[in-house]
Amino acid sequence: MAPWIIQIALVAMSILTETTEGKKDTVLYCSACRAIVDELNYSISQIDPKKTIHVGGFRLNPDGSLTDKKVPLARSEANLSELLDGVCGSMSDYALHVDPDTKIKQYKRFAPRSSDAGDFPDFNNFKFDGPEGSNALKFVCESIVEEFEDYIISLFAKETDHVVDKLCNEVSGTVSDITNNHCIWVFGL
């Protein structure tokens, strides 16, 4: 009789666990993913492409030579790791944007960068939620970075094209399509 009670208890617990599971805010997660890629690409573009860094184990080979090579600083693992540590700090420069034609919502950068001399977006389509909106975006950004840090670094170290597709589609497994800078989310993949 005791095994029967345990089975019922396990079924009840599994049902309760499934019903209490939180849902992801699709706009928030998609926007955070896209913002990470955008901010890292911008930071990488600000580094002099001529700068290099020595990488390797710095161990001597049997013949007495060192296995050492130079790689561009911008896409080195050390630099990418440093950039990734600070990427979520810029999430306060993003706010919820509602496209006036399609009514699609996503977080977009509203604060111009220093190199965007006078290129201001139309603030009429932004919904400023105060610090709560940017704090939520920053939290999701930190969650994505924490979970996928190694993959993000390897992706940016090797590739320059389609990073947003690979990061937001393949890694998270929740975005099924990115069209016209919008994410279409599919859960349960």
Side-chain angles (χ1 to χ4, degrees), residues 22-49 51 53 71-99 104-116 119-121 123 125-187 189:
K23 294 196 176 199
K24 289 183 178 181
D25 181 344
T26 58
V27 172
L28 198 57
Y29 274 78
C30 179
S31 298
C33 183
R34 295 183 62 76
I36 290 168
V37 173
D38 181 54
E39 293 297 323
L40 287 176
N41 277 332
Y42 177 76
S43 296
I44 290 169
S45 74
Q46 298 304 300
I47 297 173
D48 183 4
K51 288 187 178 181
I53 185 172
V71 296
L73 174 65
R75 295 201 178 266
S76 68
E77 187 174 323
N79 184 57
L80 290 171
S81 180
E82 187 177 320
L83 292 176
L84 207 51
D85 286 343
V87 74
C88 296
S90 61
M91 295 300 120
S92 59
D93 294 341
Y94 288 76
L96 186 62
H97 179 269
V98 180
D99 188 288
I104 292 177
K105 296 178 181 180
Q106 67 179 8
Y107 283 80
K108 285 188 171 184
R109 185 177 183 88
F110 68 86
R113 295 183 172 108
S114 58
S115 63
D116 293 344
D119 188 20
F120 293 99
F123 289 109
N125 300 322
F126 282 94
K127 308 281 185 210
F128 294 98
D129 300 333
E132 294 84 28
S134 62
N135 286 346
L137 190 65
K138 183 176 181 179
F139 176 77
V140 171
C141 174
E142 289 169 349
S143 299
I144 292 171
V145 168
E146 182 179 333
E147 187 172 349
F148 301 112
E149 181 174 9
D150 293 336
Y151 185 78
I152 294 169
I153 289 172
S154 68
L155 195 59
F156 274 91
K158 296 175 185 167
E159 297 192 29
T160 58
D161 297 329
H162 310 294
V163 174
V164 73
D165 294 334
K166 290 192 177 193
L167 179 61
C168 299
N169 284 348
E170 295 173 17
V171 175
S172 68
T174 53
V175 180
S176 68
D177 190 21
I178 298 179
T179 56
N180 298 326
N181 295 327
H182 303 296
C183 297
I184 300 169
W185 287 77
V186 175
F187 290 97
L189 295 177

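- From L73, atom CG reaches atom CG of D48 across 9.0 Å, with rounding to the nearest 0.5 Å.
- Closest approach of A32 and C141 over heavy atoms only: CB-N, 4.1 Å.
- Using a 4.5 Å heavy-atom cutoff, the side chains of I152 and L40 are in contact.
- Taking CG from L167 and SG from C33, the interatomic distance works out to 4.0 Å, rounded to the nearest 0.5 Å.
- Taking CZ of F126 as the reference point, atom OH of Y94 lies at 10.0 Å (rounded to 0.5 Å).
- To the nearest 0.5 Å, atoms CG (L83) and CD1 (I36) are separated by 13.0 Å.
- For the two cysteine residues C30 and C168, the thiol sulfurs sit 2.5 Å or further apart.
- The two residues N79 and A74 make their nearest non-hydrogen contact at ND2-O, 3.0 Å.
- Residues V27 and H97 fail the side-chain proximity criterion, which asks for heavy atoms closer than 4.5 Å.
- A pairwise comparison of heavy atoms in C88 and K138 identifies O-CG, 3.5 Å as the closest pair.
- Among all heavy-atom pairs drawn from I153 and L80, the shortest one is O-CD1, 3.6 Å.
- Looking only at side-chain heavy atoms (C-beta outward), V71 and I53 come within less than 4.5 Å of each other.
- The environment of CD in E142 is crowded: more than 12 heavy-atom neighbours from other residues, nucleotides or ligands sit within 6.0 Å.
- Counting only heavy atoms from C-beta outward, the side chains of E149 and S81 approach each other to under 4.5 Å.
- Using a 30° and 60° split on the angle between ring planes, F128 and F123 fall in the tilted class, from 30° to 60°.
- Between L96 and Y107, the shortest heavy-atom distance links the atoms N-CD2, 3.6 Å.
- Rounding to the nearest 0.5 Å places CD1 of I47 at 7.5 Å from OG of S76.
- Put simply, CG on N135 and CE on M91 are 12.5 Å apart, with the number rounded to the nearest 0.5 Å.
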Check step by step if side-chain contact (heavy atoms from CB on, under 4.5 Å) holds for N125 and D99. CA-CA 7 Å; N125 300 322; D99 188 288; over 6 Å; no
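- For Q46, the CD atom is densely surrounded, since the number of other residues' heavy atoms within 6.0 Å is greater than 12.
- Taking the side chain as every heavy atom from C-beta outward, R113 and E39 approach each other to under 4.5 Å.
- In summary, K108 and D38 do not engage in a salt bridge, as defined by a charged side-chain N under 4.0 Å from a carboxylate O.
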